[in-house]
There are 2 protein chains.
Amino acid sequence: MIDVNQETCCNVVHQEAIESVEQLELSVVEQLSESFKALADPTRIRILYNLSRRELCVCDLAEILGMTQSAVSHQLRYLKALRIVKFRREGNTMYYTCDDAHIIGLLQMALDHVTHAQGRDE
Amino acid sequence: MIDVNQETCCNVVHQEAIESVEQLELSVVEQLSESFKALADPTRIRILYNLSRRELCVCDLAEILGMTQSAVSHQLRYLKALRIVKFRREGNTMYYTCDDAHIIGLLQMALDHVTHAQGRDE
DNA sequence: CTCCTATATGAACAATTACTCATATACTCA
DNA sequence: TGAGTATATGAGTAATTGTTCATATAGGAG
């Protein structure tokens, strides 16, 4: 069965191959990329790593990361919007934590790979 | 012990808190973000998902994704540079696969979370 | 109330990104 | 050789992103 309507590219589309993989729903793909985007930036990785180990205030994070309070605060806002970090107020000070098992799991899994698979094939 | 030299932010840096978390090496953080960046784009997620299930040519991918051959080829170059996808030539046709256990593991873990934890607290 | 401090936020900007378009490359077949 | 095809790639572009700077908000101490 030679197939139809592919303006996309070439003529040698393997129809059977195309149909053999069940596609992900686009909303699922969006959710996936949302999670990975949160972890795709070095600053956010370091923030999440620290907040997964200990409750810290904005100021502590700025000191640890060697970044401005504003830069840290912007990233926290991003993570807050995704509900990845939680926070509580104590006077003027905001304390943040990360207990998102999903995100921490992804981070830990990637970390295990990087720190373990050293000196093997890659 | 009140601490020293923090021009970063406020004066209420919790020295004990800062020192309690062992920091990641920056090179490790870079490697982590490299992996997550690869998965942070919907197009790449769909490409990797398909290539983890089956060997496909550029043309098939373009058809599946409803994108131009060029766009797909650019993303494949990106993934190739990170050694996340492999390929073989058969005449004019390039067949790509993804057997990177690390990346597939991350993708699968995130996918499990999205498709499982539906209707619970998030 | 006023001043001080910790954090949040809007605007601006440079860097990066994902795509399009045109073209180059590399292979097949005659 | 030369035409045809599948893929790769460089330049250009619009959109996004991570930061800085200046300022706003909100609570505490007096």
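Lettering of chains follows the sequences in order, A, B, ..., and the numbering in each one begins at 1.
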[X] (side chain) and [N] (base): donor-acceptor pair under 3.5 Å:
{"X": "B:Ser70", "N": "C:dC21", "answer": "yes"}
{"X": "B:Gln75", "N": "C:dA18", "answer": "no"}
{"X": "A:Gln69", "N": "C:dA6", "answer": "no"}
{"X": "A:His74", "N": "D:dT17", "answer": "no"}

Checklist entry - Do B:Gln23 side-chain atoms and B:Val21 backbone N/O form a donor-acceptor pair below 3.5 Å? => result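 Here the side-chain-to-backbone pair exists.
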
[X], nearest nucleotide to its side chain (from [options]):
{"X": "B:Arg77", "options": "C:dC19, D:dT9, D:dG27", "answer": "D:dT9"}
{"X": "A:Ser73", "options": "D:dT7, C:dT9, C:dA26", "answer": "C:dT9"}
{"X": "B:Thr43", "options": "C:dC19, D:dT19, C:dG10", "answer": "C:dC19"}

Item to check | Six-ring centre of A:Tyr95, A:Arg89 cation under 6.0 angstrom, axis tolerance 45° | outcome: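 No - A:Arg89 does not lie over the ring of A:Tyr95 by the 6.0 Å and 45° rule.
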
Would you mind reading off the distance between [X] atom [atom1] and [N] atom [atom2], rounded to a whole angstrom?
{"X": "A:Leu76", "N": "C:dT7", "atom1": "CG", "atom2": "P", "result": "10 Å"}
{"X": "B:Glu63", "N": "D:dT7", "atom1": "CD", "atom2": "C1'", "result": "16 Å"}
{"X": "B:Arg89", "N": "D:dT7", "atom1": "CZ", "atom2": "P", "result": "9 Å"}

Checklist entry - Got B:Ile104 and B:Leu48 here, is their nearest side-chain heavy-atom distance under 4.5 Å? => result no

Checklist entry - Side chains of A:Ile47 and A:Thr43: does their closest heavy-atom pair fall under 4.5 Å? => result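 They are in side-chain contact.
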
Checklist entry - Quick one: is B:Arg44 getting a side-chain N or O under 4.0 Å of the C:dA18 phosphate, OP1 or OP2? => result yes

Item to check | N or O in side chain of A:Lys37 less than 4.0 angstrom from D:dT16 OP1/OP2 | outcome: no

Checklist entry - NA contact type, A:Tyr96, heavy-atom cut-off 4.0 Å: base, sugar-phosphate, or nothing? => result sugar-phosphate

